[in-house]
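In each ligand, atom 1 is the first atom listed, and ligand 1 is the first ligand listed. From a predicted model like this one, the values you see are computed outputs, not experimental measurements.
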Amino acid sequence: MGIFDDLLTENLSDKQALAKLLSLSEPDRQQALFDKALSVKAATVGRFVYLRGLIELSNVCSKNCYYCGIRAGNPQVERYTLSEEEVLNAAVFAHQNRFGSLVIQTGEQTGPAFAAFIVDILEKIHAITNNELTITLSCGEQPLKVYELWKRAGAERYLLRIETSNKDLYYTIHPRDRHHSFEARLDALKYLREAGYQVGTGVMIGLPGQQADDLAEDLLFFKSMDIDMVGMGPYIEHAATPLFAKRHMLMPASERFNMSLRMIALLRILMPYINIAASTALETINPLGRQMGVLAGANVVMPNLTPVSDRKKYLLYNNKPNLDKDASLSTKSLNAAISAIGETICFDMPGDSIHFQHRTSPEPGNSLS
Ligand code: 5AD
Ligand code: SF4
């Protein structure tokens, strides 16, 4: 008897229990949590890893999030948008390397021209890859009509991180204005669900002023929103951002890293059938971060396919890894790294969220998360 009895799913709806588990720091107890998450993973989604080729399509952004290196107010950023040819080359690379799936990410841009640009990209990627790649978009808050338009054009999944589910904390990391409204972000997540996407969200872990209680609430938020996919990782300071001024309030990077792994592990136990990404930010703090994320319960990794020449312009935070690595090299090393930890990369597979499949075509009596 002891704390590991709390690891049973039915006890985890309690915020206090979650906060206590998030605060575990003794290495053997933390390891027991990861082991539990891995056994849940093995028994539900299996010890498989799905690849999403990440294309950072444009670093143009109209927002001013205090933590982000490519915020509109950072004049040091050289802005770019990939050419159609560059995007299609990356998509063809993903297809030829049997990735099964792509993520297209941009800063937040709105308006009809941008909406049409994305439609065009979606249609051309599908045409050139024989409709064999599943596409996830991560292009910020948009009106329901735009989400519907992109869905019709062939996007099946969408990532929009809530960043933190604590509204007060949210406004310490975003300007308090109508362009950065917490309610608008919640509404956007609801629109995505309404438009029929597999919906992904996530948070940053180890923000200045963030407590274990807040992170416990974040986990319960994912559950209450019945989310299909989560990408979350450590907050990493960027020197040219306003939040850098609060760096004295941060936990050491190694603790933000371990806290992120505990978040992944608890989420796998809490929502066994969702997709969870091992974020690039994990790898930024620890070169083995992605593998450790997978061993704590993640089942998705996102190799970067952005042309190397533009990669250094998409710096959300300092020390982003793989800035000069060619995609083919990182893919090869990734395959070896994933096999070495006893997991199998599923090539040519879309890797849909099983949670989404359950909620959209539930079998009678199926109450699985
Ligand atoms: N540290 C960690 N993650 C960050 N992001 C943006 N800036 C940072 C940072 N400094 C994350 C946000 C955003 C995603 C695209 O990148 O969560 O949603
Ligand atoms: Fe723009 Fe996203 Fe960075 Fe915010 S986090 S400034 S919306 S790119």
Using residues 244-254 as the side-chain source, report each donor-acceptor pair under 3.5 Å to any protein atom, sequence neighbours left out, with the distance given to one decimal.
unit_1: Arg247; atom_1: NH1; unit_2: Phe244; atom_2: O; d: 2.8
unit_1: His248; atom_1: ND1; unit_2: Ala245; atom_2: O; d: 3.4

Determine whether His180 and Glu141 make a side-chain contact, defined as any pair of heavy atoms from C-beta on separated by less than 4.5 Å.
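A side-chain contact is absent here, since even the closest heavy-atom pair is not under 4.5 Å.
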Would you mind reporting whether Leu51 and Leu334 have side-chain heavy atoms less than 4.5 Å apart?
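They are in contact (side-chain heavy atoms under 4.5 Å apart), so the answer is yes.
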Which pairs with one or both residues in residues 195-221 pass salt bridge (Lys or Arg N to Asp or Glu O under 4.0 Å), sequence neighbours excluded?
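Found Lys15-Glu217.
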Under the 4.0 Å line, does any protein heavy atom show up next to atom 6 (S) of ligand 2?
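Protein heavy atoms within 4.0 Å of atom 6 (S) of ligand 2 - there is at least one.
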As a test of reading the model: which residues have a non-hydrogen atom less than 4.0 Å away from ligand 1?
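The 4.0 Å shell around ligand 1 contains Tyr67, Cys68, Gln105, Arg161, Glu163, Met204, Pro234, Tyr235, Ile236, Leu316, Tyr317.
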Should [X] and [Y] count as an ion pair when the cut-off is N to O under 4.0 Å?
X	Y	result
Glu183	Lys167	yes
Glu78	Lys312	no
Arg157	Asp228	no
Glu108	Arg71	no

Could you walk me through whether Tyr273 and His358 pass the ring pair (Phe, Tyr, Trp, His ring centres under 6.0 Å) check?
CA-CA 9 Å; Tyr273 289 96; His358 288 165; 4.9 Å; yes
Are Tyr147 and Tyr158 close enough that their ring centers fall under 6.0 Å?
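Tyr147 vs Tyr158: aromatic centres under 6.0 Å.
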With atom 4 (Fe) of ligand 2 as the centre, enumerate protein N/O/S atoms below 2.8 Å in chain and residue order.
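Correct list: Cys65 SG.
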